[in-house]
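First comes the structure, then the notes that go with it.
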Amino acid sequence: TFKVVFTGDTNNWIPQYKNYYKFSSFGLVDSFNTYWTGTAWINEYREQFFYHSINQDTLDIFYNGNFNSWDPSREIRNSFDSVGNKINTISLNFVNQNWVNHTQTFYTYDSLHRVTIEIDQHFDSLVWQNDFKDSICYNQYFDIENYQQYWNGNSWVCNEFEFTSGGHKM
């Protein structure tokens with residue numbers, strides 16, 4: 001599947017860019033954009049998606065266009081527990097022909113498969129460093145309390161509190 005976008009008027013339509021989409025039974029597996037220079041189509045960016053056999057997006061690879069080729073730029077790896085909850089997401093950047101750790105997020109769930117804790121970290125040359133933590137509480141009325149904290153180097157510090165009543169932010 002693809003889409004071409006033109007600009008101009010009724011007498012002179014000029015192509016601007018093309019979006020390409022490839023699907024499988026799991027969903028989108030490849031998409032990329034090209035743009036028109038006036039004489040040729042040039043690659044702009046691309047995203048590829050890889051799925052586990054039970055329809056879980058386990059790997060995403062992002063590319064920058066380099067005229068008629070693709071240069072890897074970023075990769076996202078997702079891990080899941082035995083019941084299908086995403087428990088970890090790691091983002092890597094492609095630097096000097098190597099994949100380098102960039103950020104990661106850990107997820108914890110309650111018995112209803114709702115996220116209760118989300119911890120964001122960045123990679124600091126040798127080790128992962130904490131950045132942010134969301135602690136989320138739910139009740140039977142669909143109220144949500146979200147305690148957002150940041151890491152000050154030694155401990156978690158309260159940053160923001162958000163309350164959503166019955167699905168509506170207060």
Interatomic spacing from [atom1] in [X] to [atom2] in [Y] - rounded to 0.5 Å:
| X | Y | atom1 | atom2 | value |
| --- | --- | --- | --- | --- |
| Phe80 | Asn85 | CZ | CG | 9.5 Å |
| Glu160 | Asn146 | CD | CG | 8.0 Å |
| Tyr35 | Thr37 | OH | OG1 | 7.5 Å |
| Thr1 | Lys22 | OG1 | NZ | 11.5 Å |
| Ser69 | Asn43 | OG | CG | 7.0 Å |
| Leu92 | Phe123 | CG | CZ | 9.5 Å |

query: Got Glu47 and Asp60 here, is their nearest side-chain heavy-atom distance under 4.5 Å?
result: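 Counting from C-beta outward, Glu47 and Asp60 never come under 4.5 Å.
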
- request: Using a cut-off of 6.0 Å, state whether more than 12 heavy atoms not belonging to Tyr21 lie near its atom OH.
  value: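 Count over threshold, so yes.
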
task: May I ask you to check whether over 12 heavy atoms, not counting those of Phe67, lie within 6.0 Å of atom CZ?
output: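 No, the 6.0 Å shell around CZ holds no more than 12 heavy atoms from other groups.
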
Just by distance, do the side chain of [X] and the backbone of [Y] share a donor-acceptor pair under 3.5 Å?
| X | Y | result |
| --- | --- | --- |
| Tyr45 | Ser31 | no |
| Thr58 | Phe50 | yes |
| Ser91 | Thr103 | no |

message: Out of the candidates Asn93, Ile61, Val100, only one should pair with Glu75 under the side chain to side chain contact (heavy atoms under 4.5 Å, CB included) rule; please name it.
response: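 For Glu75, the side chain to side chain contact (heavy atoms under 4.5 Å, CB included) test succeeds with only one of Asn93, Ile61, Val100, which is Ile61.
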
Ignoring hydrogens, what is the shortest heavy-atom contact between [X] and [Y]? Give both atom names and the distance.
| X | Y | answer |
| --- | --- | --- |
| Gly84 | Gln56 | CA-NE2, 3.1 Å |
| Gln121 | Asp131 | C-OD2, 3.5 Å |
| Arg77 | Leu59 | CG-CD1, 3.8 Å |

Listed once per pair and sorted, the side-chain hydrogen bond (donor to acceptor under 3.5 Å, both in side chains) pairs that draw on residues 147-157, sequence neighbours left out: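 Sorted pair list: Glu145-Tyr147.
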
Linking I/L/V/M/F/W/Y whenever any side-chain heavy atoms sit under 4.5 Å apart, do [X] and [Y] land together?
| X | Y | answer |
| --- | --- | --- |
| Trp36 | Val4 | yes |
| Phe2 | Val29 | no |
| Trp41 | Trp13 | yes |
| Ile117 | Tyr138 | no |
| Tyr17 | Phe6 | no |

message: Please verify the inter-ring angle class for Tyr109 with Tyr107; under 30° counts as parallel, over 60° as perpendicular, anything in between as tilted.
response: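 Aromatic pair Tyr109/Tyr107 classed tilted.
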
query: So which residues get pulled into Ile76's cluster when ILVMFWY side chains under 4.5 Å apart are joined, directly or through others?
result: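 Listed partners: Phe62.
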
task: Evaluate the side-chain contact (heavy atoms from CB on, under 4.5 Å) criterion for residues Ile14 and Gln16: first the C-alpha distance (whole Å), next the side-chain angles of each, then the deciding distance (0.1 Å), finally the verdict.
output: CA-CA 6 Å; Ile14 300 168; Gln16 295 299 305; 3.8 Å; yes

- prompt: Phe94 and ring pair (Phe, Tyr, Trp, His ring centres under 6.0 Å): which partner among Trp99, Trp70, Tyr63?
  reply: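 So the option named by the test is Trp99.
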
